[in-house]
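Naming convention: chains lettered A, B, ... in sequence-line order (proteins, then strands); numbering from 1 in each chain.
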There are 2 protein chains.
Amino acid sequence: MKLTTKGRYAVMAMADLASFSKERPVSLTEISLRQNISLSYLEQLFIKLKQKKLVKSMRGSQGGYTLERPASQIKLSNIFIAVDEEVRTLNCKKDSKKGCNNKLIKCNAHFLWDKLDQHINSFFEKTLLEDLINKRLK
Amino acid sequence: MKLTTKGRYAVMAMADLASFSKERPVSLTEISLRQNISLSYLEQLFIKLKQKKLVKSMRGSQGGYTLERPASQIKLSNIFIAVDEEVRTLNCKKDSKKGCNNKLIKCNAHFLWDKLDQHINSFFEKTLLEDLINKRLK
DNA sequence: GAGATCTCCTAGTAAAATACTATGAATTAA
DNA sequence: TTAATTCATAGTATTTTACTAGGAGATCTC
């Protein structure tokens with residue numbers, strides 16, 4: 001079980017924005033250098049973050065990104081969901097071959113994974129981007 | 001972020017053992033059929049579970065596995081650790097190229113992943129195999 | 001003691017997911 | 001008009017995961 005870099009990069013980049021985009025938009029080139037993340041990969045992540053209205057963009061020279069809402073109104077769960085870093089302990093969704101919801105008998109541990117999902121998600125739900133940049137975590 | 005089948009299979013197999021191996025050892029063939037897990041894959045998992053003294057084996061005909069300790073004394077964390085399904089939100093361990101602990105400046109979200117690890121592990125630490133088979137989770 | 005049923009052990013491999021690269025068009029400030 | 005930037009899509013290398021293959025060794029039952 002691991003968190004992939006996608007989710008980590010997204011959170012780090014958003015934290016970077018929260019810290020540096022107060023006056024002016026911040027370019028992905030900047031973030032790429034500061035956080036040591038491939039530019040092209042960042043671009044892909046930011047398209048998703050924009051679609052979910054977590055950031056807004058300004059094109060052209062001197063352009064870049066800013067937060068769409070203040071850091072106090074962005075949950076970590078918003079970020080993870082935006083980049084498709086879902087917590088999925090089970091692959092019993094649309095997959096017709098694997099998983100267990102297409103069998104007569106539900107897998108006996110099914111409810112355990114549900115609980116685990118809830119437990120993990122509660123962390124992302126309760127933590128705000130603001131908490132992260134202030135290093136104030138519960 | 002996802003839990004791989006390795007961890008899930010291990011927990012399901014242990015739950016199966018807890019339910020069926022009270023009188024007699026249970027063979028992996030049985031578990032394989034009941035839980036729909038490849039026999040050879042189960043064998044690999046059980047070698048690890050045995051090394052960590054979570055199960056004991058009886059070879060030969062009518063052999064199989066039983067729990068080494070009662071289900072009330074086995075934490076889910078024991079099982080996950082045994083099959084190497086560690087929770088690792090970061091790859092900053094021995095990897096010299098990636099990660100962040102070999103840089104001068106620690107990645108600013110480092111402490112977040114630590115907190116997350118703790119949060120997830122607390123779930124596995126507090127849940128016993130017994131709770132699972134009794135469907136009694138907090 | 002032969003045969004069946006098991007665990008034990010190691011290598012190899014197919015498939016899936018991940019992380020990243022490449023390329024170029026569109027937009028805009030200076 | 002040029003440089004800097006976002007936007008968009010396709011392709012690929014790497015890594016991880018999940019599984020298969022093929023046997024050797026142990027032990028019960030007949």
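Contact of A:Q44 with C:dT21 (side chain to base): a donor-acceptor pair of N or O atoms is detected under 3.5 Å. No donor-acceptor contact under 3.5 Å links the side chain of A:R59 to the base of C:dT27.
The distance between atom CD of B:E30 and atom C1' of C:dT5, rounded to the nearest whole Å, is 12 Å. When rounded to the nearest whole Å, the span between CG of B:L42 and P of D:dA18 equals 13 Å. Counting to the nearest Å, the P atom of D:dA18 and the CG atom of B:N36 are 15 Å from each other. Taking atom OH of A:Y65 as the reference point, atom C1' of C:dT27 lies 12 Å away to the nearest angstrom. The interatomic distance linking A:L28 (CG) with D:dA3 (P) rounds to 21 Å, in whole Å. Atom NZ of B:K48 and atom P of C:dT10 are 12 Å apart (whole Å). One atom, CD of A:E43, and another, C1' of C:dG24, lie 11 Å apart when rounded to the nearest Å. Residue B:R24 contributes atom CZ, which lies 16 Å from atom P of C:dT5 at whole-angstrom precision.
Map A:G64 and B:Q62 each onto its nearest nucleotide of DNA chain D; the residue landing nearer the 5' end is A:G64. Judged by closest nucleotide on DNA chain C, B:G60 is the one of B:Q51 and B:G60 placed further toward the 5' end.
Residue-level contact check: A:F46 touches neither bases nor backbone, having no heavy atom under 4.0 Å from any strand.
Between B:H119 and A:H119, the ring planes lie parallel to each other; the angle is under 30°, not in the 30° to 60° tilted range.
One finds a side-chain N or O of B:S57 lying less than 4.0 angstrom from the OP1 or OP2 phosphate oxygen of C:dC8. Residue A:Y41 places no side-chain N or O under 4.0 Å from the OP1 or OP2 atom of C:dC20. Not one side-chain nitrogen or oxygen of B:T5 sits closer than 4.0 Å to the OP1 or OP2 atom of D:dT17. The shortest distance between the side-chain N/O atoms of A:Y9 and the OP1/OP2 oxygens of C:dC20 is below 4.0 Å. An OP1 or OP2 oxygen of D:dT20 is reached within less than 4.0 angstrom by no side-chain nitrogen or oxygen of B:S40.
Linking Ile, Leu, Val, Met, Phe, Trp and Tyr whenever their side-chain heavy atoms come within less than 4.5 Å leaves B:I47 and B:L39 in two separate clusters.
Salt bridge absent: B:K53 and B:E68 never bring a charged side-chain N and a carboxylate O closer than 4.0 Å. Comment: B:R24 engages B:E30 in a salt bridge, judged by a side-chain N to carboxylate O separation of less than 4.0 angstrom.
Smallest separation of non-hydrogen atoms from B:R8 and A:W113: CG-CZ2, 3.6 Å.
If you check D:dA8, C:dC8, D:dC19 against the side chain of A:I47, the one that comes closest is D:dA8. Comparing D:dA4, D:dA8, C:dT7 against the side chain of A:S61 picks out D:dA4 as the nearest. Of the listed nucleotides (C:dA19, C:dC8, D:dT5), C:dC8 has the atom at the smallest distance from the side chain of B:K50.
Side chains of A:K56 and A:T66: no donor on one and acceptor on the other come within 3.5 Å.
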